[in-house]
Amino acid sequence: MTNGSFGDEQIQIVSLLSVQVEICLKNALLYRTLQQKVTEQNAELSQTSQRLKTVQKRLIEAEKMATLGGLVAGVAHEINTPVGTGIMAASFLVSETKKFLSLCQLQPLKRSALNMYLDIVLESSKLILSNLQRSAELVQSFQQVAVDQTSLERRTFTLRPYLEEILLNIRPKLKQTHHRIVVEGDDTIEVDSYPGAISQVITNLVINSLIHAYQPSESGQLYLKIAEVGDDHFLIEYSDDGCGILSENLEHIFDPFFTTTRNHGGNGLGLHIVYNLVTKTLKGTISCDSQVGVGSKFIINCPRRPST
């Protein structure tokens, strides 16, 4: 071996190093390609996730509007009764007035005939007025609740009277069942919050009970209890005495799209909407305690003046 030349052993080492360098270069290229693919997949997953969130948001909004649409149909049906009664009374009064005028033209008016007509006028007028007032109450109550639900604006209101307005709008659905709902608690609790969010929460909880807690022929007792918690919080306790929730389902009831009645039209968004409204809009907490065969209880704790 001459000076400056490589021996077999050195050549073998160089050869091995070359192979290692080639492997390192291939690994580096593979890593770069893999990293690029991971970046692309992450971007694609992010876009997919965003699209899913958008779809979920639209579904939630659609569910809210569907709930409001159900209230519209129910209140419209409820208004039909007093309006129809008022129209019948007004029509009867017009008919009796025509008879009275004809009687006056044909013969001298007798006091007995006048008194009879005045009695008819008085009774018909009372009936018309009471039914118009009932219709006005329904329209005013629904108008306020509907505006609150669609706008979610913040305002100061007294809690219990507002809950009773909400139940007034739900009553058409309750009248189709054998259930009874009772409101208990202080009627002077005043809050500066979002009445529309509270309206949606209560509406969804009641409808959830009507759908899931009872069989069609059963009679149920629903309770709404309100109370102050310290100086700056209020509590709403909603409960039913229905079938209850299985323990394995209890931890999932607020998950989006979780439902045990999908084959019967359930979409699993009602309680998810409730959870979001309580925790995000009202800045409160909600928990559920349920026992199979006994019923379910939802406890909502919210600040009287949630932070913005």
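Small disclaimer: the values here were computed from a predicted structure and weren't measured.
- Side-chain atoms of Ile245 and Val292, non-hydrogen and from C-beta on, never get closer than 4.5 Å to each other.
- For Thr158 against Asp187, the heavy-atom pair with the smallest separation is CG2-O, 3.3 Å.
- The two atoms that bring Leu103 and Ala113 nearest to each other are CD2-CB, 3.8 Å, heavy atoms only.
- Rounding to the nearest 0.5 Å gives a distance of 7.0 Å between CG of Leu163 and CD1 of Ile198.
- A 4.5 Å side-chain heavy-atom check between Arg180 and Leu222 finds every atom pair outside the cut-off.
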**OP:** Might you work through the side chain to side chain contact (heavy atoms under 4.5 Å, CB included) test for Met116 and Asp119, ending with a clear yes or no?
**Re:** CA-CA 5 Å; Met116 184 181 297; Asp119 287 341; 5.5 Å; no
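- For OH of Tyr275, the number of neighbouring non-hydrogen atoms (other residues, nucleotides, ligands) closer than 6.0 Å is 12 at most.
- In the hydrophobic clustering of this structure, Tyr223 does not group with Ile226; members are Ile, Leu, Val, Met, Phe, Trp, Tyr whose side-chain heavy atoms approach within less than 4.5 Å, directly or through other members.
- Relative orientation of the Tyr214 and His179 rings is tilted, given thresholds of 30° and 60° on the angle between their planes.
- With Asp192 as the fixed residue, the side-chain hydrogen bond (donor to acceptor under 3.5 Å, both in side chains) test singles out one of Arg304, Arg305, Arg154, Arg155: Arg154.
- Side-chain contact between Val183 and Arg160 is present, with heavy atoms from C-beta onward closer than 4.5 Å.
- Pairing each heavy atom of Tyr194 with each of Pro306, the nearest pair is CE1-CG, 4.0 Å.
- Across every non-hydrogen atom of Tyr162 and Gly196, the tightest pair is OH-N, 4.1 Å.
- Asp289 places none of its side-chain heavy atoms less than 4.5 Å from the side chain of Phe298.
- Closest heavy-atom contact between Cys302 and Val278: SG-CG1, 4.3 Å.
- Remark: the Tyr238 side chain and the Ser296 side chain contain no N/O donor-acceptor pair separated by less than 3.5 Å.
- No donor-acceptor distance shorter than 3.5 angstrom exists from the side chain of Glu123 to the backbone of Ile120, with no hydrogens or angles considered.
- Put simply, CD on Gln221 and NE2 on His178 are 14.5 Å apart, with the number rounded to the nearest 0.5 Å.
- Atoms CD and CG, on Glu251 and Asn249 in that order, are 9.0 Å from each other to the nearest 0.5 Å.
- Between the side chain of His272 and the backbone N or O of Phe254, at least one donor-acceptor pair lies under 3.5 Å.
- Looking at every heavy atom in both residues, Ile300 comes nearest to Val201 through CD1-CG1, 3.6 Å.
- Hydrophobic clustering (ILVMFWY, side-chain heavy atoms < 4.5 Å, transitive): Ile202 and Ile299 are in distinct clusters.
- Here the side chains of Leu224 and Ile236 are in contact, with some heavy-atom distance below 4.5 Å.
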Original post:
What's the verdict on side chain to side chain contact (heavy atoms under 4.5 Å, CB included) for Leu205 and Asp240, showing C-alpha distance, side-chain angles and the deciding distance?
Top reply: CA-CA 10 Å; Leu205 287 176; Asp240 64 51; over 6 Å; no
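- In this structure, the side chains of Leu271 and Asn204 stay at 4.5 Å or more apart for every pair of heavy atoms.
- Between the side chain of Ser91 and the backbone N or O of Ile87 there is no donor-acceptor pair closer than 3.5 Å.
- With a 4.5 Å cut-off on side-chain heavy atoms, Phe234 and Val229 do not count as touching.
- Listed for the Ser199 side chain is no donor-acceptor partner under 3.5 Å among the backbone atoms of Pro195.
- Separating the CG atom in Asn208 from the OG1 atom in Thr203 is a distance of 12.0 Å, to the nearest 0.5 Å.
- By the criterion of side-chain heavy atoms lying less than 4.5 angstrom apart, applied directly or through intervening Ile, Leu, Val, Met, Phe, Trp or Tyr residues, Val94 is not grouped with Val121; the two fall into different hydrophobic clusters.
- Contact check for Val206 versus Ile181: side-chain heavy atoms found under the 4.5 Å cut-off.
- Atoms NZ and SG, from Lys99 and Cys104 in turn, are 14.0 Å apart once rounded to the nearest 0.5 Å.
- Hydrophobic clustering of Ile, Leu, Val, Met, Phe, Trp and Tyr side chains at less than 4.5 Å, counting indirect connections, keeps Leu167 apart from Leu235.
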**OP:** Evaluate the side chain to side chain contact (heavy atoms under 4.5 Å, CB included) criterion for residues Lys297 and Glu237: first the C-alpha distance (whole Å), next the side-chain angles of each, then the deciding distance (0.1 Å), finally the verdict.
**Re:** CA-CA 7 Å; Lys297 179 189 295 182; Glu237 184 182 291; 3.7 Å; yes
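- Here the straight-line distance linking atom CG of Leu93 with atom OG of Ser125 works out to 5.5 Å at 0.5 Å rounding.
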